[in-house]
Amino acid sequence: MSENRGLLAGKVVLVTGASSGIGAAAARVFAEEGAALVLTARREDRLAELAGELAAGGAQVAQLAGEITDGAHVAATVALAVGRFGRLDGAFNNAGTGANPVPLHLMDDEVYDTLMDVNARGVWLCLKHQIAAMLETGGGAIVNTSSVAGVVATPVAAPYVASKHAVVGLTRAAAVEYAKHGIRVNAVLPGLTRTELVEEWFARYPGIEQQLQQAAPQSRTADPAEVAQAAAWLLSDRSSFVTGAAVPVDGGATTI
């Protein structure tokens, strides 16, 4: 393992949705904090580019492209961690998707199905296989990415809100079930974060960025690395008495 004395030194951590946004930021932050990494995402080229960057910086990293909704792929990522590094200490289940704002009564059924499949079932599959591996080695820590929409409702986004509430429910259920086995499970609830998808959204709806920033307590959006830093702490031993928590990383948005 790395000689790094960072927050995650000596730990093996799996990151889903690692090719961009919060996932890519997390991979970089976790590497800086000393973790050995297993990265997965749909976009193989972007994943390979990131893995190469981290390896060039001295990180131990393995990668496997695939769909988070494919149970066989999820199992394979866990097997890669165990096969390459001997165990799985932590996981950041960050892969997810969104949808264009549409009133509930006009939303296509397919949009609901996709959001629930990726955002909720994807986390379910990750938990299932990651927990099984951690039980074999005495415990670990898992962080799931929900959203502020996991604890509050927002208009014209009903399926997204439902899927992110489901992530919080899965997090709490797993935390209670496996606490006595040395496995901690928490969630981060990002507010508006400047990812590629959000940048595209801002471009599609002129004026919405300024409107949202004016309404936010800190009057700004988050950098993906700010969410990644919160996840790093939750994965580290410094949060050893924290489990079942849904931690807002939202600049105070859920307080108003």
Side-chain angles (χ1 to χ4, degrees), residues 1-19 22-41 44 47-66 68 70-95 122-123 125-145 171 174-175 178-179 181-188 225 227-240 242-243:
M1 294 295 160
S2 170
E3 294 299 321
N4 188 299
R5 297 295 182 182
L7 203 61
L8 299 174
K11 294 189 181 295
V12 178
V13 180
L14 191 160
V15 180
T16 76
S19 63
I22 294 170
R28 293 184 175 101
V29 168
F30 297 172
E32 290 172 1
E33 294 292 349
L37 296 170
V38 175
L39 308 178
T40 185
E44 187 170 6
L47 195 63
E49 182 180 351
L50 177 60
E53 170 196 325
L54 297 177
Q60 298 183 72
V61 56
Q63 69 199 68
L64 184 64
I68 206 66
D70 179 357
H73 168 69
V74 174
T77 63
V78 174
L80 177 60
V82 175
R84 174 76 178 272
F85 300 113
R87 65 188 187 280
L88 179 65
D89 300 308
F92 183 38
N93 297 323
N94 173 74
V123 169
L125 289 170
C126 288
L127 288 170
K128 178 179 178 180
H129 293 286
Q130 293 159 2
I131 288 171
M134 290 176 180
L135 288 171
E136 294 293 322
T137 53
I142 298 171
V143 177
N144 301 319
T145 298
T171 298
Y178 293 98
H181 298 275
I183 298 173
R184 297 185 300 106
V185 188
N186 294 290
V188 287
V227 181
Q229 292 284 1
W233 178 75
L234 288 169
L235 289 169
S236 78
D237 294 337
R238 295 186 192 179
S239 61
S240 57
V242 181
T243 195

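Just so you know, residue 1 is the first one in the sequence shown, and it goes up from there.
Shown here for Arg184 and Leu234, the closest heavy-atom pair between the two residues is NH2-O, 2.9 Å. The two residues Val78 and Ala133 come nearest to each other via the heavy atoms CG1-CB, 3.5 Å. Listed here is the closest heavy atom pair of Ala18 and Leu47: CB-CD1, 4.0 Å. Across Val29 and Ala228, no two heavy atoms sit closer than the pair CG2-CB, 3.9 Å. The shortest non-hydrogen separation linking Arg84 to Ala62 is NH1-CB, 3.4 Å. Annotation for Ala231 and Val143: closest pair O-CG2, 4.0 Å, computed over non-hydrogen atoms.
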ask   = Is there a side-chain contact (heavy atoms from CB on, under 4.5 Å) between Ile68 and Leu125 once you walk through the steps?
value = CA-CA 8 Å; Ile68 206 66; Leu125 289 170; over 6 Å; no
request  = Starting from the C-alpha separation in whole Å, work towards a yes-or-no answer on side-chain contact (heavy atoms from CB on, under 4.5 Å) for Ile131 and Ile142.
outcome  = CA-CA 9 Å; Ile131 288 171; Ile142 298 171; 3.8 Å; yes
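Side-chain atoms of Asn186 come within 3.5 Å of backbone atoms of Val242 as a donor-acceptor pair (strictly under, hydrogens ignored). The backbone N or O of Leu7 lies less than 3.5 Å from a partner atom in the side chain of Glu33, making a donor-acceptor pair. Between the side chain of Asp89 and the backbone N or O of Val12 there is at least one donor-acceptor pair closer than 3.5 Å.
Atom OG in Ser19 sits 10.5 Å away from atom CD in Glu49 (nearest 0.5 Å). The CD atom of Gln130 sits 6.5 Å away from atom OG1 of Thr77, with the distance rounded to the nearest 0.5 Å. Between atom CD of residue Gln63 and atom CG of residue Leu37 there is a gap of 11.5 Å, rounded to the nearest 0.5 Å. To the nearest 0.5 Å, the span separating CZ on Phe92 from SG on Cys126 amounts to 11.5 Å. A distance of 8.0 Å separates CG of Leu39 from CG of Leu14, quoted to the nearest 0.5 Å. For the atom pair OG1 of Thr40 and CG of Leu80, the computed distance is 9.0 Å after rounding to the nearest 0.5 Å.
At a threshold of 4.5 Å between non-hydrogen side-chain atoms, the residues Val38 and Phe85 count as touching. A heavy-atom distance below 4.5 Å is found between the side chains of Lys11 and Asp237. Here the side chains of Val185 and Leu127 are in contact, with some heavy-atom distance below 4.5 Å. Put simply, the side chain of His73 reaches to within 4.5 Å of the side chain of Leu64, judged on heavy atoms. Between Tyr178 and Thr243, the closest side-chain pair of non-hydrogen atoms is not below 4.5 Å. At a threshold of 4.5 Å between non-hydrogen side-chain atoms, the residues Val13 and Leu235 count as touching.
Donor-acceptor pairing under 3.5 Å is recorded for the side chains of Asn144 and Thr171.
The residues Glu53 and Arg28 are annotated as salt-bridged, a charged nitrogen and a carboxylate oxygen being separated by less than 4.0 angstrom.
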